[in-house]
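First the structure, in the form of structure tokens, and then the observations on it.
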Amino acid sequence: MRSSVIPYGRQEITEKDIEAVVETLKSDFLTQGPKIIEFEKKFAEYCGAKYAVAVSNGTAALHLSAMALGVKQGDKVITTPNTFAASANCVLYCGGEVVFCDINPDNFLLDLDKLEEMLSESTLGTYKGIIPVDFAGYPIDAERLRLIADKYGLWILEDACHAPGAFFADSKGNKQICGSNQYTDLTVFSFHPVKHIATGEGGMITTNNPDLYEKLILFRTHGITKSPDLLIENHGGWYYEMQELGYNYRITDFQAALGVSQLSRADEGLAKRNQIAEKYDKALVGLPIKTPKIAEHIYHAFHLYVIQVPDRLALYNYLRENGIFAQVHYIPVHLMPFYKKQGWKKGDFPVMENYYEHCLSLPMFPSLKEEDQDYVIEKIHSFYIQ
Ligand SMILES: *Cc1c(COP(=O)(O)O)cnc(C)c1O
């Protein structure tokens with residue numbers, strides 16, 4: 001038996017990261033200082049977006065985005081059941097209504113054929129927007145999604161919490177990186193420790209739309225502005241105005257310092273994740289396991305490496321007994337007790353529900369040691385030849 005367990009995901013903190021945080025702690029700014037501005041600028045550059053807004057976590061990023069897009073009482077918004085609950089909850093925070101759509105059986109993302117079918121059967125104006133999720137790190141086909149959204153007058157809020165650095169080649173062969181917002185209105189990211197970039201808690205929203213950007217900045221700090229250009233009155237140097245009902249969703253400067261330091265290694269981490277995936281792909285051949293299928297024009301961010309197996313519970317338990325903490329992503333959101341109370345039920349989304357019966361996320365993080373991955377592979381093999 002090994003002395004420590006192998007989790008499905010974990011952060012990597014280097015000496016340089018620690019130095020960056022300590023340096024900021026010794027500076028004059030703990031919140032809303034120069035590191036936040038630097039983090040936003042560098043993150044926007046990384047994604048190829050005009051603007052980035054750093055916030056306290058990914059859920060806050062989703063909530064502010066839904067607010068900026070104007071979600072209100074009765075607005076219907078479409079999302080996938082294969083996600084963390086926050087992707088759906090943000091609509092409810094604003095008084096809107098969530099409508100789920102089943103997933104594609106090949107990539108486990110929102111099924112765009114089903115989405116089109118759903119929209120074509122609705123009267124125009126029924127839905128306001130779509131929240132696609134780049135599940136596991138697989139970027140959604142935002143080009144096709146934009147065409148669909150435009151036909152029905154919908155906005156797109158991309159949940160890319162799994163996919164910083166992922167990209168696809170569009171029909172013209174152009175590289176479309178998640179968060180560039182070439183085809184979407186807003187994109188959100190999370191910096192929770194299991195995600196690619198860790199700041200403890202943290203999140204980011206990217207956009208190219210100046211109006212949305214201004215709203216996000218306003219809503220992030222109580223709906224308060226001090227900007228002379230935006231003030232309705234001005235009584236002097238002390239003066240500020242609360243113009244909208246906002247929140248305190250700020251991130252701290254020392255978290256942003258950690259974010260800047262982590263972002264500088266992001267591409268290295270992605271390359272490592274892709275290497276780990278390749279090794280699993282090869283090592284699991286010949287077993288009753290389905291490994292991820294990635295289309296040619298996709299660069300996958302591999303937040304998760306999800307396999308599908310016939311006997312998931314037994315394999316999960318066996319790995320756990322051997323110190324390997326695999327995980328399941330996701331329990332269908334529409335089957336959470338809260339969403340069931342809203343009328344969703346088993347049988348609503350057969351592809352999602354079947355996927356859930358079989359999926360298992362294996363350890364996947366850049367600091368996963370080669371011998372630890374070998375051990376995981378060995379244990380999976382020994383499970384099947386017992
Ligand atoms: C992690 C995650 C979130 C929420 O991010 P937090 O920073 O934990 O609030 C939202 N959506 C998806 C898909 C996530 O994986």
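Remember, it's 1-based here, ligands and their atoms both numbered in the order they're listed.
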Q) Which value, rounded to the nearest 0.5 Å, describes the distance between His358 atom NE2 and Ile289 atom CD1? A) 13.5 Å
Q: Within a distance under 4.0 Å of any heavy atom of Thr83, pick out the atoms of ligand 1 and give their elements.
A: 13 (C)
Q: May I ask you to check if Arg312 and Tyr356 form a cation-pi contact, with NZ or CZ under 6.0 angstrom from the six-membered ring centre and within 45° of the axis?
A: yes
Q. What protein heavy atom sits nearest atom 11 (N) of ligand 1, and how far away is it?
A. Asp159 OD2, 2.8 Å
**Q.** Electrostatic pair Arg144:Glu116 at N-O distance under 4.0 angstrom
**A.** yes
Q | Distance-only N or O hit between ligand 1 and Glu201, under 3.5 Å | A | no
Q. Judged by atom type as modelled, is there a donor-acceptor pair below 3.5 Å linking the side chain of Asp159 to the main-chain atoms of Pro132?
A. no
Q) Any idea which atoms of ligand 1 are less than 4.0 Å away from a heavy-atom of His162? A) 13 (C), 14 (C), 15 (O)
Q. Under a heavy-atom criterion of less than 4.0 Å, does Phe189 contact ligand 1?
A. no
Q: Quick one: look up the protein heavy atom nearest atom 4 (C) of ligand 1 and list residue, atom name and how far away it is.
A: Thr59 OG1, 3.7 Å
Q. Between Gly58 and ligand 1, is there a nitrogen or oxygen pair with a distance under 3.5 Å?
A. yes
Q: Please write down residue, atom name and distance for the protein heavy atom closest to atom 1 (C) of ligand 1.
A: Lys195 NZ, 1.5 Å
Q) Other than Ile224, which residues form its hydrophobic cluster under the rule that side-chain heavy atoms must be closer than 4.5 Å? A) Tyr240, Met242, Leu245
Q: Please verify whether a non-hydrogen atom of Ser87 lies at under 4.0 Å from ligand 1.
A: yes
**Q.** Main-chain N/O of Thr206 paired to Asn181 side chain as donor or acceptor, under 3.5 Å
**A.** yes
Q) Do Tyr305 and Asp281 come within less than 4.5 Å of each other through their side chains, counting heavy atoms only? A) yes
Q | ligand 1 atoms in contact with Tyr330 (distance to a heavy atom under 4.0 Å) | A | 15 (O)
